[in-house]
Amino acid sequence: KNEVEQSPQNLTAQEGEFITINCSYSVGISALHWLQQHPGGGIVSLFMLSSGKKKHGRLIATINIQEKHSSLHITASHPRDSAVYICAVGEAGSQGNLIFGKGTKLSVKP
Amino acid sequence: DAGVIQSPRHEVTEMGQEVTLRCKPISGHNSLFWYRQTMMRGLELLIYFNNNVPIDDSGMPEDRFSAKMPNASFSTLKIQPSEPRDSAVYFCASSQAGTSTSNQPQHFGDGTRLSIL
C-alpha cells in the first residue's frame, strides 16, 4: 500500500467548475505539501500545512490530521489550472524526506 | 530572486558514459534535495543535504550514483556509469530549514531531462 494516495488520478473539468483533489496518507506527518507541476515540467509549491485550512486566490487546501486526509480545491477553474497536482507529506521525525503521491492530472476545458 | 538553477536542461548520452547534473540553490537556503521523477515511480527523494552535509542518502539507487555539495551555492549529482534505466527527470530543490525541513516549502528547479541510450 502506498503511503500517500491521491484521487482521482485523472480529472477533466469544464471551465468554471469547482474541483476537488483528495490525498490520504498512512504515516504520522509534520507537514503536508501540495505541489503543482506544469505541462512544461516545472514544479511549484502551492501550500504547506499541518492543520486547518489555507487559501491562496482560487485555491484552498484543507487538512484533517485525525483522518489523515487533505483536499485541494480550485474554485472557478480555468484552462490555465491544467497541470498535475502532487500531494507530499513530511514524515514526523524525519529530517527532510518527503513522501510523494503519484499526482492528479487535471485538464480544464474551455 | 533567481530561483533554483539546474543545468543542463536536457542531456542525451550513451550508456556507460558519466553524467553530471548541476544545481545552484536559492541564496540563503541551507537545505538541498535531489529528486528523480519517472512515469512508473513518480517523484522520489535521492539525497538531501543540510548545511552542505549529506543527511539522508537512502534514496540513492546504487553506487553508480553520487552527490556532492562542496559549498552552499553548488551541488552535483553524478551517475557513473550511466544505464538506460537511469533515464528520468532529475529535480533539485532547496529550502530554508528550521527544526524540520519537511515543515519548510521547497523551491524546485526546472529539472534536467536525462535520456540514456
Side-chain angles (χ1 to χ4, degrees), chain A residues 1-10 21 23 25 27-52 54 56 59 61 63 65 70 72 83-105, chain B residues 1 3-6 8-10 23 25-26 29-51 53-60 69 88-114:
Chain A
K1 181 183 186 302
N2 292 332
E3 291 165 305
V4 180
E5 298 268 6
Q6 285 186 238
S7 64
Q9 275 188 306
N10 294 283
I21 299 170
C23 176
Y25 53 93
V27 297
I29 69 168
S30 55
L32 183 142
H33 301 247
W34 281 103
L35 309 172
Q36 180 193 51
Q37 186 165 26
H38 301 293
I43 298 176
V44 174
S45 177
L46 296 175
F47 295 104
M48 183 188 65
L49 64 167
S50 55
S51 65
K54 285 191 175 180
H56 185 256
L59 302 178
I63 188 168
I65 296 294
S70 175
L72 177 68
V84 176
Y85 292 84
I86 302 169
C87 172
V89 300
E91 194 171 4
S94 76
Q95 289 198 56
N97 192 18
L98 287 181
I99 307 169
F100 295 88
K102 291 288 195 296
T104 295
K105 186 175 182 180
Chain B
D1 190 344
V4 176
I5 299 173
Q6 289 187 245
R9 287 297 307 277
H10 303 273
C23 177
I26 291 173
H29 283 187
N30 61 355
S31 293
L32 183 140
F33 306 81
W34 282 103
Y35 295 100
R36 179 172 65 178
Q37 186 179 39
T38 61
M39 288 290 290
M40 290 293 293
R41 301 173 66 93
L43 272 165
E44 300 173 289
L45 177 70
L46 298 177
I47 188 170
Y48 145 59
F49 293 86
N50 190 31
N51 292 322
V53 176
I55 302 299
D56 182 357
D57 65 354
S58 59
M60 295 286 262
M69 192 164 186
V89 181
Y90 291 80
F91 287 97
C92 175
S94 71
S95 71
Q96 179 56 52
T99 55
S100 168
T101 59
S102 58
N103 279 346
Q104 304 301 319
Q106 295 186 16
H107 300 258
F108 285 76
D110 289 336
T112 294
R113 187 173 295 274
L114 178 63

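What you see is a predicted model, and the numbers here were worked out from it, not measured in a lab. By convention in this document, chain letters (A, B, ...) are assigned in the order of the sequence lines, proteins followed by strands, and residues within each chain are numbered from 1.
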Where is the tightest heavy-atom contact between A:Phe100 and B:Leu43, given as atom of each residue plus distance? CD1-O, 3.4 Å
Shortest non-hydrogen contact between B:Gln106 and A:Ser45, atoms and distance: O-CB, 3.5 Å
Heavy-atom contact with chain B under 4.5 Å, split by part of A:Ile29: neither
Engaged part of A:Ile86 at the chain B interface, taking heavy atoms whose separation is under 4.5 Å: side chain
Residues which pass side-chain hydrogen bond (donor to acceptor under 3.5 Å, both in side chains) with B:His29, listed by chain and number, not counting sequence neighbours: B:Ser94
Output all residues satisfying salt bridge (charged side-chain N to carboxylate O under 4.0 Å, His left out) with B:Arg113, sequence neighbours left out; order by chain, then residue number. none
Are the side chains of B:Tyr35 and A:Leu98 in touch, meaning some heavy atoms are under 4.5 Å apart? yes
Honestly, the part of B:Met39 sitting under 4.5 Å from a heavy atom of chain A is neither
